[in-house]
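Keep in mind the model is a prediction, meaning the values are calculated, not measured. Heavy atoms only: backbone and side chains are in, while hydrogens, waters and symmetry mates are out.
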Amino acid sequence: MRYWLMKSEPSDVSIDDLASMPDQTVAWYGIRNYQARNFMRDQMRVGDQVFFYHSSCEQPGIVGIAEVSKLAYPDATQFDPGSKYFDPKATPENPRWFNVDVRLVKKTRLVGIKELRGHPELASMRTLQTGNRLSITPVDPAEWNFVVGILK
DNA sequence: GCCAACGTTGGC
DNA sequence: GCCAACGTTGGC
């Protein structure tokens, strides 16, 4: 089993939005970065554990734990001309973008980016590196366990 | 709103 | 295949 960190803008889908979804599950649509897509399409498996992270907001940080509940499948928004995620180069026969489904495991306290950066144990966490622009990043088991430890 | 960082695009 | 221009991300 792998561990991941997935960023979402709370103005788009917040942890509370996720909690109120049917089955507390959401399709992780709208990823238009190849590396992030490849993580979902090639590496994510049902049961993988995910830190749900709020980005581009007043208090960026980890706000919950979720899990992959469905393997990657074509992202429906790429075929929708009315969507801002529409991709004219994608066809149902040749989809370009994929997403997994993610289900809430539990909300946690907010562990802000500043707090995360304050722990030397997390110094090499992908998402904390300057210039990191990936919205989906792998998390080392040691990092995962450390963060779970400070959540309490 | 600023801006550093970096991915993508497209002309050559 | 190079690389300049452009767009986007995301913390501050």
Side-chain angles (χ1 to χ4, degrees), chain A residues 2-21 25-44 48-68 72-140 142-151:
Chain A
R2 293 175 189 264
Y3 300 104
W4 306 93
L5 181 144
M6 298 174 82
K7 294 180 186 175
S8 181
E9 300 187 16
S11 58
D12 188 3
V13 180
S14 71
I15 190 78
D16 288 323
D17 292 335
L18 177 60
S20 61
M21 298 264 181
T25 298
V26 70
W28 210 266
Y29 61 85
I31 298 298
R32 295 295 179 266
N33 169 284
Y34 288 103
Q35 256 188 292
R37 178 204 68 179
N38 292 348
F39 283 142
M40 284 199 287
R41 189 190 60 184
D42 304 334
Q43 296 194 30
M44 284 194 183
D48 280 5
Q49 300 293 293
V50 175
F51 285 135
F52 193 104
Y53 182 100
H54 280 172
S55 69
S56 293
C57 59
E58 263 184 43
Q59 294 190 297
I62 293 170
V63 291
I65 293 175
E67 66 182 8
V68 176
Y73 57 95
D75 179 339
T77 62
Q78 70 191 305
F79 309 126
D80 175 6
S83 167
K84 69 169 175 172
Y85 298 116
F86 177 64
D87 184 343
K89 293 180 184 163
T91 63
E93 297 74 31
N94 225 339
R96 188 186 272 208
W97 306 110
F98 294 80
N99 62 255
V100 295
D101 282 357
V102 164
R103 182 195 299 133
L104 180 66
V105 173
K106 62 175 178 181
K107 288 174 62 175
T108 65
R109 73 177 179 90
L110 169 77
V111 184
I113 186 168
K114 202 172 164 190
E115 177 177 350
L116 292 169
R117 289 210 165 114
H119 293 290
E121 293 88 344
L122 302 176
S124 57
M125 240 180 122
R126 270 296 272 292
T127 201
L128 300 180
Q129 306 308 309
T130 26
N132 170 68
R133 293 180 51 197
L134 270 182
S135 62
I136 299 177
T137 48
V139 175
D140 287 346
E143 293 164 351
W144 178 275
N145 290 330
F146 183 83
V147 173
V148 168
I150 62 173
L151 281 173

Rounding to an integer number of Å, can you tell me how far [X] [atom1] sits from [N] [atom2]?
X: Gln129(A); N: dG11(C); atom1: CD; atom2: C1'; result: 15 Å
X: Leu128(A); N: dA5(B); atom1: CG; atom2: P; result: 16 Å
X: Arg133(A); N: dC6(B); atom1: CZ; atom2: C1'; result: 5 Å
X: Arg126(A); N: dC6(B); atom1: CZ; atom2: C1'; result: 13 Å
X: Gln35(A); N: dT8(C); atom1: CD; atom2: P; result: 19 Å
X: Arg32(A); N: dG7(B); atom1: CZ; atom2: P; result: 18 Å

message: Testing Ile65(A), Ile15(A), Leu5(A) one by one against Phe52(A) for a side-chain contact (heavy atoms from CB on, under 4.5 Å), which residue passes?
response: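 So the option named by the test is Ile15(A).
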
- Query: Looking at Tyr53(A), Phe39(A), Trp28(A), which one forms a side-chain contact (heavy atoms from CB on, under 4.5 Å) with Met6(A)?
  - Reply: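 Checked Tyr53(A), Phe39(A), Trp28(A) against Met6(A); only one passes side-chain contact (heavy atoms from CB on, under 4.5 Å): Trp28(A).
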
Sorted by first residue and then second, give each side chain to side chain donor-acceptor pair (under 3.5 Å) pair with at least one member in residues 102-114 of chain A; sequence neighbours left out.
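Listed once each, the pairs are Asp16(A)-Lys107(A), Glu67(A)-Arg103(A), Arg109(A)-Glu115(A).
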
As a test of reading the structure: which of [options] is closest to the side chain of [X], going by heavy atoms?
X: Arg117(A); options: dG10(C), dC12(C), dG7(B); answer: dC12(C)
X: Lys7(A); options: dT8(C), dT8(B), dG11(C); answer: dG11(C)
X: Lys89(A); options: dT9(C), dG10(C), dG10(B); answer: dG10(B)
X: Ser135(A); options: dG11(C), dT8(B), dG10(C); answer: dG10(C)

inquiry  = Under 3.5 Å, is there a donor on one side chain and an acceptor on the other for Asn99(A) and Tyr73(A)?
reply    =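 Yes.
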
